[in-house]
Amino acid sequence: MIRVGPQDFDIGAEVRALTAGRTDIGAVVTFSGIVRDVPLELEHYPGMTEKELARIEAEAHRRWPLQASLILHRTGRLLPGDNIVLVIAASAHRQAAFEAASFLMDYLKTRAPFWKKEERNGEAHWVDARESDDEAMKKWE
Amino acid sequence: MIRVGPQDFDIGAEVRALTAGRTDIGAVVTFSGIVRDVPLELEHYPGMTEKELARIEAEAHRRWPLQASLILHRTGRLLPGDNIVLVIAASAHRQAAFEAASFLMDYLKTRAPFWKKEERNGEAHWVDARESDDEAMKKWE
Amino acid sequence: MKLLYFAWVKEKAGIAEEDVTLPAAISDVAGVIGWLKSRGENYALAFADLALIRCAVDQEHGDLATPVAGASEIAFFPPVTGG
Amino acid sequence: MKLLYFAWVKEKAGIAEEDVTLPAAISDVAGVIGWLKSRGENYALAFADLALIRCAVDQEHGDLATPVAGASEIAFFPPVTGG
């Protein structure tokens, strides 16, 4: 499942929604990203964002036996301490859930069309992409 | 933080408790284990359980730059779909959070003194330890 | 054909979105960029360092060699920084 | 000294906990198990396959060679299956 928009999320509620009434899920891994230090504005590419996240999710399901998954990304202005992103991977066993959640984040970080603009000392500037994110992608190739 | 007992947990509330008021945490990984298939009874070694989980948590903090962590394990009788275990690792960056959460689970699975007794077709039997859990441990040595 | 610009590419180009008709000779993304740069200083500025430019053709990641024939939407943007 | 038994070790031994005074000659966990097996069929049954027995001395994981001198609590149990 994919969700993109300004609304905040509750990790517990999202996990319950994915696992309710099921007895084939033994392991749920969530990753949530939180704004550090300074306020930021998230720009994205409506239309492509949803398609790209759906492609990333489909690829994770192709690679691991997942019972359920969620990619949720917020947009707009966010403050330090605010949630930015939530990824959930649910599987029968923990190894698949851990690997899939990590894969989803690595792919999201390098392929999903979002751009952060940070406000530092009264000036807004676009965040540079991190080489370590490209490196993290390579382990899945 | 360590918590052992019969009470259920809410992942969202636990994450909020760990991260509230902080702007140095950028990444939170949670693992939750859920009962599949059949009811089970969880026996443990009161006293040692808490000490062993605290040792496992301290080792994770020694290996990764963690801002916060939680290991919560339920005891007593649990039904299919019930939560069993929750591990949370919070760090500035996602790689540390993912690795530490995975490490905490692998260590917990092979070192924390809990034993599951499953009820299958009206008969209770002790669950056998899984070789794959011992294998999973080796990657941290 | 619709052209879209995001983040600092949008700010440098001074435009978020435009409808254009490409010259018939242009066959790939590199051609589109070359043509844009010939249209004004703002594009020359936005596309000055191609190592920092990413693109999508019809909402799928592409590169300089991606064909544009029949495409209805091409987007230009910096490396992504979400998550 | 307190001895504790958990899971099927407890069920096979038919006892959860007991206070014992070890013979002075016993120095390690292997010695404790040998002594227990000599005390009754129930212990012989519980400790029949040592490959399946795990132990803790004063609430820290040990093995057959772990010294028991001065210990106040020794626990025997199967490989753990929590999580």
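Values in this document were obtained by computation on a predicted structure and should not be read as measured data. Chain A is the first sequence line, chain B the second, and so forth, proteins listed ahead of strands; every chain is numbered from 1.
Inter-residue side-chain proximity for A/Glu14 and B/Ile11 is flagged as unmet; no heavy-atom pair is nearer than 4.5 Å.
Of residues 23-34 of chain A, those residues lying under 4.5 Å from chain B by any heavy-atom pair are A/Thr23, A/Asp24, A/Ile25, A/Gly26, A/Ala27, A/Val28, A/Val29, A/Thr30, A/Phe31, A/Ser32, A/Gly33, A/Ile34. The contact list for residues 88-106 of chain B toward chain A, using heavy atoms and a distance under 4.5 Å, reads B/Ala92, B/His93, B/Arg94, B/Gln95, B/Phe98, B/Ala101, B/Ser102, B/Met105, B/Asp106 by residue number. For a heavy-atom cut-off of 4.5 Å, chain B lies close to A/Arg130, A/Asp133, A/Ala136, A/Lys139 in residues 117-141 of chain A. Interface residues of residues 40-79 of chain B toward chain A, defined by a heavy-atom distance below 4.5 Å: none.
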